[in-house]
Amino acid sequence: MGFSVTETLGMITQQRLIVAGALGLAATAGIVSSAAWWYRRTPKPVFQPIGQLSEIWIHPVKSCRGHQVSSAECTPMGLCSKGVYDRFFVILDDANRVVTMRTEPSLALVKPWISEDGVCLVFDAPGMDPLSIHLADLAEAKKQPTEFRIFGLHTEGVECSQKAATWLSTYLKKPGLKLVYFNEGLTKPRIPRKDVTWGHKFTAEEKVRGYSDFASFMLLTESSLDDLNSHLDKPITVRNVRPSFVVSGSSAFQEDSWKYIKIGDTVTMRRTHGCGRCKLTTVDPETGVIRSDGEPLATLKKYRVLDKSDPDSKSYKGSPVFGSYLVCDVSGTIKVGDTVYAAV
């Protein structure tokens, strides 16, 4: 059984930081009830156990280093740990364009993490003094949102302090940068249904809060990563491909056929489409440098590009598929070791 709206709001209310301030509880209730209504009105999938949840990854800042957690909350707003949502922060340049590892690979060495007392989001990077951002200050901010686009879709973000902007500009040696965050009460989410390429994969009710590329979650199996590494002279790690979830115990690329995924007793998600891969995968996460051999992207292009008979093949424009995008239908808590179920 899924959590009721009251139970789900109770979980979210307990989060101490961004959820307690920057995210509106009234809006959260609408999101949860809308997702639950959509899930109830569709035929119930028939789930079979396919493995275990072996890793959970949170990336607080888009394109910066992620970290593993032992448990997290899954909601239609995204993955949440210690009150901070996955990819709810993003870096913009002086023209309000999103800055990622595609153009600034050294972002792979920027480590955002939550202080032990849960009060600050702390940034660390080679050659830099740590930067602390008080999350309570962000929750109380009423600044005018900044407008920008992610993959052609309109979104917004509230600018953090000038101290954060200066720190990032100094590290990347690029003036005019700023750090913005998603504030449920002030900023507008993206409407994936409006995307000309992938909009048909989403329902009219679904929205993307935060700054993930498309859907709020991405799943990968250990066996898929092992299969890729068997083709490489220099194996990669899960950091190269930046999933939300890693699943053990299933066959390589079995996740391509899963229409619904259930983790533990409650959380249920729907697959929208496969994750098309780009040169971001070629950034070495331990050095912050793009690999000169173009791997693992070069190898993925040899055997993970969809066949032309697949109806989605044209949408990827030659990009290889590795992992699955998911949206959350039923919220709840997940933890490493949970049984993972799938319906095809």
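Along the sequence shown, residues are numbered consecutively beginning with 1. Any value given below was found using the heavy atoms of this structure, including those in side chains, with hydrogens, waters and symmetry copies removed.
Here the OH atom belonging to Y85 is positioned 9.5 Å from the CG atom belonging to L79, to the nearest 0.5 angstrom. One finds the OG1 atom of T146 at 8.5 Å from the CD atom of E156 (value rounded to the nearest 0.5 Å). Atoms OH and NZ, on Y260 and K44 in that order, are 11.0 Å from each other to the nearest 0.5 Å. Taking NE2 from H200 and CZ from F202, the interatomic distance works out to 9.5 Å, rounded to the nearest 0.5 Å. Between the SG atom in C328 and the CZ atom in F217 there is a gap of 5.0 Å [rounded to 0.5 Å]. Taken from NE2 in H273 to NZ in K201, the straight-line distance is 8.0 Å, to the nearest 0.5 Å.
Here H67 and W113 keep their ring centres 6.0 angstrom or further from each other.
Side-chain atoms of T100 never come within 3.5 Å of backbone atoms of S63 as a donor-acceptor pair (strictly under, hydrogens ignored). S81 contributes no side-chain N or O that, together with a main-chain N or O of A72, makes up a donor-acceptor pair within less than 3.5 Å.
Shortest non-hydrogen contact noted between I56 and S71 is CD1-CA, 4.0 Å. When all heavy atoms are compared, the tightest approach of K262 to G264 is CE-O, 3.6 Å. In plain terms, the two heavy atoms of L228 and P296 that are nearest each other are CD2-CB, 4.0 Å. Here the closest heavy-atom approach between residue V122 and residue S132 is recorded as CG2-OG, 3.8 Å. In this structure, P60 and V84 approach most closely via the heavy-atom pair CB-CG1, 4.1 Å. Contact detail for S216 and S244: the closest heavy-atom pair is O-OG, 4.1 Å.
Within the 4.5 Å cutoff, the side chain of T197 has no heavy atoms near those of the F151 side chain. A 4.5 Å side-chain heavy-atom check between L306 and S315 finds every atom pair outside the cut-off. With a 4.5 Å cut-off on side-chain heavy atoms, P76 and S331 count as touching. Residues K163 and I133 fail the side-chain proximity criterion, which asks for heavy atoms closer than 4.5 Å. The closest side-chain heavy-atom distance from T333 to T266 is not below 4.5 Å. S212 is listed as a side-chain neighbour of R190, based on a closest heavy-atom distance under 4.5 Å. Within the 4.5 Å cutoff, the side chain of I50 has no heavy atoms near those of the I261 side chain. Counting heavy atoms from C-beta on, the side chains of L153 and I191 never come closer than 4.5 Å.
Figure legend: cation-pi geometry between R304 and Y316 absent, as NZ or CZ is not positioned both under 6.0 Å from the six-membered ring centre and within 45° of its axis.
Both V327 and M77 are assigned to one and the same hydrophobic cluster, defined by single-linkage of ILVMFWY side chains at heavy-atom distances under 4.5 Å. The hydrophobic cluster containing L297 does not contain V289, counting ILVMFWY residues as joined when their side-chain heavy atoms lie under 4.5 angstrom apart, directly or transitively. L107 and V241 fall into different hydrophobic clusters, where Ile, Leu, Val, Met, Phe, Trp and Tyr side chains are chained together by heavy-atom contacts under 4.5 Å. Under a hydrophobic-cluster definition in which Ile, Leu, Val, Met, Phe, Trp and Tyr are linked whenever side-chain heavy atoms come within less than 4.5 Å, directly or via other members, L220 and V321 are assigned to different clusters. In terms of hydrophobic clustering, with Ile, Leu, Val, Met, Phe, Trp and Tyr side chains grouped at heavy-atom distances under 4.5 Å, V247 and F322 are assigned to different clusters.
Between the side chains of E205 and T203, at least one donor N or O sits under 3.5 Å from an acceptor N or O.
Among residues at least two apart or in separate chains, salt bridge (Lys or Arg N to Asp or Glu O under 4.0 Å) pairs with a member in residues 86-115 are D93-R97, R102-D213, E104-K174. Among pairs with a residue in residues 271-282, none fulfils salt bridge (Lys or Arg N to Asp or Glu O under 4.0 Å), at least two apart in sequence or across chains. Listed by first then second residue, pairs satisfying side chain to side chain donor-acceptor pair (under 3.5 Å) with a partner in residues 217-226 read S54-E222, T221-S223, T221-S224, T221-E255, S224-E255, not counting sequence neighbours.
For the side-chain contact (heavy atoms from CB on, under 4.5 Å) with T170, the qualifying choice from L168, L172, T166 is T166, the only one to do so. Of the residues V180, T155, L92, T103, the one that meets the side-chain contact (heavy atoms from CB on, under 4.5 Å) test with V98 is L92.
A salt bridge links R65 with E286: the distance from a Lys NZ or Arg NE/NH1/NH2 to an Asp or Glu carboxylate oxygen falls below 4.0 Å.
Taking the six-membered ring for Trp and thresholds of 30 and 60 degrees, Y325 and F214 have ring planes more than 60 degrees apart, a perpendicular arrangement. Taking the six-membered ring where the residue is Trp, Y211 and F148 present tilted rings, their angle falling between 30° and 60°.
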side-chain contact (heavy atoms from CB on, under 4.5 Å) for E147 and H154? Distances and angles first, verdict last. CA-CA 7 Å; E147 296 184 5; H154 172 85; 3.5 Å; yes
Open item on the list: What verdict does the side-chain contact (heavy atoms from CB on, under 4.5 Å) test give for W167 and V110, after you've listed the backbone C-alpha separation in whole Å, the side-chain angles of each residue and the deciding distance to 0.1 Å?
Closed with: CA-CA 11 Å; W167 192 93; V110 176; 4.2 Å; yes
message = Before you tell me yes or no, could you show the steps for L177 and Y171 under side-chain contact (heavy atoms from CB on, under 4.5 Å), namely the whole-Å CA-CA distance, both residues' side-chain angles and the distance that decides it to 0.1 Å?
response = CA-CA 10 Å; L177 298 182; Y171 173 69; over 6 Å; no
| Verdict with supporting geometry, L138 and F89, side-chain contact (heavy atoms from CB on, under 4.5 Å) | CA-CA 11 Å; L138 300 182; F89 292 80; 3.6 Å; yes
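Under the rule for a side chain to side chain donor-acceptor pair (under 3.5 Å), R242 has no partner lying at least two apart in sequence or in another chain.
For H134, the NE2 atom is loosely surrounded, since the number of other residues' heavy atoms within 6.0 Å does not exceed 12.
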Run the side-chain donor-acceptor check on residues 232-240: report pairs under 3.5 Å with partners two or more places apart or on a different chain.
{"residue": "T237", "atom": "OG1", "partner": "R239", "partner atom": "N", "Å": "3.2"}
{"residue": "R239", "atom": "NH1", "partner": "G66", "partner atom": "O", "Å": "2.8"}
{"residue": "N240", "atom": "OD1", "partner": "T237", "partner atom": "N", "Å": "3.3"}
{"residue": "N240", "atom": "ND2", "partner": "T281", "partner atom": "O", "Å": "3.1"}
{"residue": "N240", "atom": "ND2", "partner": "V283", "partner atom": "O", "Å": "3.4"}

What donor-acceptor contacts under 3.5 angstrom involve side-chain atoms of residues 336-344, with partners at least two apart or in another chain?
{"residue": "D338", "atom": "OD1", "partner": "K335", "partner atom": "NZ", "Å": "2.9"}
{"residue": "D338", "atom": "OD2", "partner": "K335", "partner atom": "N", "Å": "2.9"}

